[in-house]
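Chain A is the first sequence line, chain B the second, and so forth, proteins listed ahead of strands; every chain is numbered from 1.
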Amino acid sequence: MATDAQAFVKEIPSKSEQFSEWYTAVCLKAELADYSPVRGCMVVRPYGYALWENMQRWLDDRFKATGHVTAYFPLFVPEAFLKKEAEHVEGFAPQVAWVTHGGDEKLAERLAVRPTSEAIIMPMYARWIQSYRDLPVLLLQWCSVVRWEKATRLFLRTAEFLWHEGHTAHATSEEADAECRTILEIYRQLLEDVLAIPVLVGKKPPSEKFAGGDWTYTLEALMPDRQAIQAGTSHFLGQNFAKAFGVKFLDRDNVEKPVWTTSWAVTTRLVGSLVMAHGDDRGLALPPRIAPIQVVIVPIPGKEREKVLAAARALAERLKAVARVRLDDRDEYTPGWKFNDWEMRGVPLRLEIGPRDVAANQAVLVRRTGGPKATVAIEGVEQAVARALDEVQGEYYARGKAFLDEHTLSVATMEALEEAMRERRGFVRTNWCGDQACEDAIRARTGASPRVIPLDDRPQGACLVCGRPSTATVYYARAY
RNA sequence: CGGGGCGUAGCGCAGCCCGGUAGCGCGUCUGGUUUGGGACCAGAAGGUCGCCCGUUCGAAUCGGGCCGCCCCGACCA
């Protein structure tokens, strides 16, 4: 009943009408996060952290499978180190938090709280790498970093956030670039196969690359408000950091050379993307592969409380083999209350079991994505649940893909681009000559920024600003 | 960092204009009845009105400052 649903979610604004307010309310109501007493810093609550943990686990398995090992580097970066790579420090300096005192004593050299760790990792590489035999070095660390943001939002932009950062060193440019692409593909699979968020994959134009790197690979997703969000980045750092920090190796040809390095990251921002991508007016909606709870079992006690609860427990026990399952046997809430509550928390599947079902040796299966309730036999319920989880996962992806396709269009003129950004938003594909001035003109007139140049780009046509031959296809969007 | 808004019980809000006993709904607690889409009855608890300074006999209410959060822009994962 829609009116009841409305009444229930009165504390969650409409997603279509007040997207930002909706987003914040969902993060808070679903207990993903809360505000902390520290300005700009959030608390990741257990349910939100469980989402992050699932991403972590999935990613870490793949990082390990591709030869990476985990280490931990210090939180503090001496100022002198941060300043070694000129472009790098220029890029990050405005956002750095500084430690100036230890106890009561003023430090001789202030320490940056890492905004990213290149500057503390490179000096270590300089000590560890001597020979081509020491390469590649494939390290990552899971940690938090601090960037003193002016305007913050739960998960999407906070002063401190969680991430992993990979830092690899290679003997050749080709190998380093291949590493970047390997990681990019892992990220793409995380986004599309696990989080059910379709992405555009490619390179950043130079203006948007990582400070200090040569080029940056990126994944760009489109949120329901038709703004792009950077979902992950993989940076080809060239020899810039190696030269700045003196990371050299003696190659097979007996020549000393700077190493080629990469760095890459995804952050807890992905939790925010997940909320925005799939949620609705009823609250959070989670794709099964990332959902901390995939199936919730709600017993309907009726007059045979003990019998029903026993059947519900047995059902939960059976399903443990195929799904992350939660039995909600709380006595203080009615079934109806629980239905709404678990929907608000985004649980993909619900199984209801009451006296009628116990008598008939069945349960009622309901999907968060909608559709009619279905009766399933207890015999074979594992297969029914596994199949429903797969289908729901697919449904979320299909919806996202349809939305992305629907909101991606090509334009050939500045007028068409302006109109597209004004009327439709989303991604707009353009031809670009490669001149920064042409990009700047588009930024100035549309408010959009260049998000990505496709990986397998085959530029054609003429630059939409100056008419010279195109050297790249660029997707523009307004972005987070 | 600019423009707008908000801050009163765990949550959602009223009260403020026009100063004088701090309220409502939900939730919470106790007992009982209930349970297939946010159950019902009875009783109870819960507040330095974001913080500081000022005006006043008296401030949630008026003035100033600060802090935090939200929204819209500009910048960044």
Hey, what are the protein-to-nucleotides 68-71 of chain B N/O distances that come in under 3.5 Å?
from	atom 1	to	atom 2	distance (Å)
B:C69	OP1	A:Gly40	N	2.9
B:C69	O3'	A:Tyr35	OH	3.3
B:C70	OP1	A:Tyr35	OH	2.8
B:C71	OP1	A:Ser20	O	3.3
B:C71	OP1	A:Thr24	OG1	3.4
B:C71	OP1	A:Arg153	NH2	3.3

Distances under 3.5 Å between protein N/O atoms and the N/O atoms of nucleotides 46-50 of chain B, please, pair by pair.
none

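In the interface, the side chain of A:Arg350 is paired with the base of B:G37 through a donor and an acceptor atom under 3.5 Å apart. Taking 3.5 Å as the limit, the base of B:G36 and the side chain of A:Lys338 contain no donor-acceptor pair of atoms between them.
Within the model, atoms CH2 of A:Trp58 and CZ of A:Phe63 stand 8.5 Å from one another, a figure rounded to the nearest 0.5 Å.
In the region residues 137-144 of chain A, proximity to RNA chain B at under 4.0 angstrom, judged on heavy atoms, holds for none of the residues.
If you check B:C40 for Watson-Crick or wobble pairing at under 3.5 angstrom, you find it paired to B:G32.
Contact between A:Val295 and A:Ala323 at its shortest, heavy atoms only, is CG2-CB, 3.9 Å.
A:Gln95 comes within 4.0 angstrom of sugar-phosphate atoms only, judged by non-hydrogen atoms across all strands, and of no base. Residue A:Val364 is in base contact, counting any heavy-atom pair closer than 4.0 Å across all strands shown. When heavy atoms are screened at a 4.0 angstrom cut-off, A:Gln230 is found touching the sugar-phosphate backbone but no base atom.
Listed nucleotides: B:U28, B:A77, B:G36. Nearest to the side chain of A:Tyr333: B:U28. Minimum atom distance to the side chain of A:Glu343 is reached by B:G37, of the listed B:A77, B:G37, B:G36.
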field: Per-nucleotide protein contact string for nucleotides 1-9 of chain B, where B marks a base within reach and S marks sugar-phosphate only (heavy atoms under 4.0 Å, - for neither)
entry: B--------

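For A:Asp435, the side-chain hydrogen bond (donor to acceptor under 3.5 Å, both in side chains) partners are A:Arg468, not counting sequence neighbours.
Aromatic ring pairs are classed by plane angle as parallel below 30°, tilted from 30° to 60° and perpendicular above 60°; the pair A:Tyr187 and A:Trp264 is perpendicular. The aromatic rings of A:Trp215 and A:Tyr217 sit perpendicular to each other, their planes meeting at more than 60°, with 30° as the lower class boundary.
Ring pair A:Phe81/A:Phe76: centre-to-centre distance not below 6.0 Å.
For the pair A:Val366 and A:Ile229, both in contact range of RNA chain B, the more 5′-proximal nearest nucleotide belongs to A:Val366.
Pairs passing the side chain to side chain donor-acceptor pair (under 3.5 Å) check and including a residue from residues 195-210 of chain A, sequence neighbours excluded, read A:Glu87-A:Lys209, A:Lys204-A:Glu220, A:Lys204-A:Gln230, A:Ser207-A:Glu439, A:Ser207-A:Arg443, A:Glu208-A:Arg443.
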